[in-house]
Each structure stands twice: as C-alpha cells, then as structure tokens.
Amino acid sequence: MKKLLWKIPLWFFILTITWVVVLRFVPVFVTPLMVIRCFEKNDAPKPKLTKKWVPLQQISPKMVTAVVASEDDLFMTHKGFRFKDIQKAYKANKSGKRLRGGSTISQQTAKNVFTTGARTWVRKGFETYFTVLIELLWGKERIMEVYLNVVELGKGIYGVEAASQNYFYKSAKQLTYSEAALIAAALPNPRRYSIKNPGPYMRRRQSQIVQLMWNIGPVDFTKKVAKPHW
C-alpha cells in the first residue's frame with residue numbers, strides 16, 4: 001500500500017510533464033472548456049465550435065501586442081506570476097468587492113489548456129502547477145502561440161484566427177491595430193462583450209488598448225528576457 005501511495009504522485013508528475021512536453025510541439029486542437037461548452041444548454045440546435053489552429057507567424061504581431069497591452073504588460077519579463085496583482089485580487093475578492101482577476105497570460109493559458117476553468121481552489125492549484133511547467137518547458141513564444149489559438153472569443157469561437165474570420169472576414173495575419181484591440185477588449189468576458197456589435201464600453205476599451213499598443217511597441221520574442229518582475 002505504501003509503495004502504491006508513493007507511485008501515485010510519481011506517475012502524476014511523469015504524465016503531466018510528458019503532456020506538457022508533447023504540447024510544446026503539437027497543436028492544441030481541443031481543451032476541456034471547449035468540450036464543456038459543447039454540452040452546455042443553449043438555444044442553438046447543435047453545439048457550435050469554430051476553431052482553426054495557425055502558427056504564431058500567421059497571426060498579426062499587432063494581435064500579440066494587443067493582448068500584452070490589455071492583459072499582461074509584463075508578460076515578457078515575469079516568470080508566470082505577478083504576485084502584487086494576485087494580492088490585490090485576493091484582497092478585493094475577500095472584502096466582497098467586484099471579483100477581480102490577477103492572472104497573467106501564462107496562467108490563463110494553463111487554465112484554458114489543462115483545467116476545466118471551474119472557480120475552485122483545486123483548479124487554481126492545477127493552474128499554478130501547469131503555469132510553472134509551461135514557463136519552464138514552453139517559453140514565452142509558445143505560450144503566446146497556444147494562448148492566441150485556444151482563447152474563447154465568443155460563443156463557440158476559439159482562437160484569434162476563427163475570431164478574425166468570423167468578425168472581420170479576413171485572416172488573423174491581416175488584422176489592423178483597431179481590429180486587434182477590439183478582439184483584446186472582449187477578453188475579460190468574451191461571452192458578454194460583443195466583438196461583432198461592440199457597445200460603448202467596448203469602443204472605449206478599444207481606444208485605450210490602441211493607445212497602450214503604441215506605448216509599448218511590438219513584442220520581440222528574440223530579445224533576451226530581462227530580470228523578472230514579480
């Protein structure tokens with residue numbers, strides 16, 4: 001019995017590390033969230049799942065800049081976590097204020113690919129574990145590539161290529177500053193904020209993100225990563 005108990009965590013580490021290594025090279029075609037969404041009750045007669053994997057080189061650099069500007073401006077320098085933001089989010093949530101996030105793009109990617117997205121401490125634990133693994137085994141460029149290919153961007157729409165085709169009738173490689181910013185503006189809640197018919201909030205946020213994009217400039221994955229920000 002003791003030998004079995006020791007083998008369980010060992011096999012867990014072996015299997016999960018292998019899983020992460022494989023996905024370092026293989027496209028992520030489906031995630032737990034996609035499967036869950038397909039079985040959710042909705043008005044559509046059949047589950048909708050629109051997704052197309054494309055390499056990062058086929059996604060406009062403007063889209064990369066847009067998500068970094070809107071979601072995680074220290075993406076290139078942190079090691080997966082921004083502890084100051086996590087502390088702020090924890091304090092806000094504990095005090096009963098509006099639920100705030102403190103997740104980096106790395107954490108969001110780990111959540112999207114390896115968990116169901118349920119709001120539980122168990123899920124958060126797995127998210128933290130996989131965030132460490134992908135930071136160590138994938139690197140920033142691969143994390144961004146996976147993130148932009150699996151992120152939910154509307155009901156049944158996943159990844160920026162599918163979003164670009166659905167909303168702007170063009171490939172993700174052809175996205176303009178304003179289009180990339182509009183997609184990024186929906187990321188806090190893509191099932192609530194419409195990219196196709198943006199309201200006043202979306203337009204304001206779009207303008208803010210465009211300005212931030214100009215401020216931070218293009219994201220360069222070839223540069224040596226600077227000292228991490230925590």
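Residues Ala110 and Glu127 come closest through the heavy atom pair CB-O, 3.7 Å. Taking every heavy atom of both residues into account, Arg205 and Ser70 meet most closely at NH2-O, 3.4 Å. Residues Ala172 and Glu161 come closest through the heavy atom pair N-OE1, 3.0 Å. Scanning all heavy atoms of the two residues, the minimum distance from Pro32 to Asn112 falls at CD-O, 4.0 Å. Across every non-hydrogen atom of Ala69 and Ile209, the tightest pair is CB-O, 4.4 Å. The two residues Val113 and Trp19 make their nearest non-hydrogen contact at O-CZ2, 4.4 Å.
Going from atom OG of Ser164 over to atom CD1 of Ile59 covers 9.5 Å, rounded to the nearest 0.5 Å. Here the CZ atom belonging to Phe12 is positioned 9.0 Å from the CD1 atom belonging to Ile17, to the nearest 0.5 angstrom. Taking CZ of Arg37 as the start and CZ of Arg191 as the end, the distance is 4.0 Å to the nearest 0.5 Å. One finds the CG atom of Leu136 at 12.5 Å from the CZ atom of Arg24 (value rounded to the nearest 0.5 Å). Annotation: the span from Ile143 atom CD1 to Leu56 atom CG amounts to 12.0 Å, rounded to 0.5 Å. Atoms CD1 and CG, from Ile216 and Asp73 in turn, are 7.5 Å apart once rounded to the nearest 0.5 Å.
Within a 6.0 Å sphere centred on CH2 of Trp214, heavy atoms belonging to other residues, nucleotides or ligands number 12 at most. By the 6.0 Å contact criterion, NZ on Lys170 is enclosed, its count of non-hydrogen atoms from other residues, nucleotides or ligands being greater than 12.
Residues Phe114 and Phe126 place their aromatic rings such that the two centres sit no closer than 6.0 Å. For Tyr147 and Phe75, the distance between ring centers is not under 6.0 angstrom.
Leu33 and Val35 fall into different hydrophobic clusters, where Ile, Leu, Val, Met, Phe, Trp and Tyr residues are linked whenever their side-chain heavy atoms come under 4.5 Å apart, directly or through other members. Leu133 is not connected to Val26 by any chain of hydrophobic side-chain contacts under 4.5 Å among Ile, Leu, Val, Met, Phe, Trp and Tyr, and they are in different clusters. Residues Val22 and Val30 fall into different hydrophobic clusters, defined by Ile, Leu, Val, Met, Phe, Trp and Tyr side chains chained together at heavy-atom separations under 4.5 Å. Both Leu175 and Val151 belong to a single network of hydrophobic side chains, linked directly or stepwise wherever heavy atoms of I, L, V, M, F, W or Y lie under 4.5 Å apart. Criterion: ILVMFWY side-chain heavy atoms under 4.5 Å apart, direct or through other members. Under it, Leu187 and Tyr201 are part of a common hydrophobic cluster.
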Determine, stepwise, if the pair Leu23 / Trp138 fulfils side chain to side chain contact (heavy atoms under 4.5 Å, CB included).
-> CA-CA 9 Å; Leu23 292 185; Trp138 286 7; 3.6 Å; yes

Test Val67 against Leu148 for side chain to side chain contact (heavy atoms under 4.5 Å, CB included), laying out the working first.
-> CA-CA 9 Å; Val67 296; Leu148 291 177; 3.9 Å; yes

Show your reasoning for whether side chain to side chain contact (heavy atoms under 4.5 Å, CB included) applies to Trp53 and Val146.
-> CA-CA 9 Å; Trp53 177 279; Val146 173; 3.9 Å; yes

Steps toward side chain to side chain contact (heavy atoms under 4.5 Å, CB included) verdict (Thr104, Gln107) = CA-CA 5 Å; Thr104 63; Gln107 288 175 274; 3.4 Å; yes

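For Gln211, the side-chain contact (heavy atoms from CB on, under 4.5 Å) test picks out Asn215, with sequence neighbours left out.
Looking only at atom types and distance, the side chain of Thr31 has no donor-acceptor partner in the side chain of Tyr158 under 3.5 Å away.
Thr176 places none of its side-chain heavy atoms less than 4.5 Å from the side chain of Phe168. Considering only heavy atoms from C-beta on, Arg203 comes within 4.5 Å of Leu182 through its side chain. Looking at heavy atoms from C-beta onward, Ile134 lies in side-chain contact with Thr109 at the 4.5 angstrom threshold. Between Lys62 and Ser178, every side-chain heavy-atom pair lies at or beyond the 4.5 Å cut-off. At a threshold of 4.5 Å between non-hydrogen side-chain atoms, the residues Arg142 and Leu137 do not count as touching.
For the pair Lys140 and Phe221, the cation-pi criterion (under 6.0 Å, within 45° of the ring axis) is not fulfilled.
The backbone N or O of Ala162 lies less than 3.5 Å from no partner atom in the side chain of Asn166, so there is not a single donor-acceptor pair.
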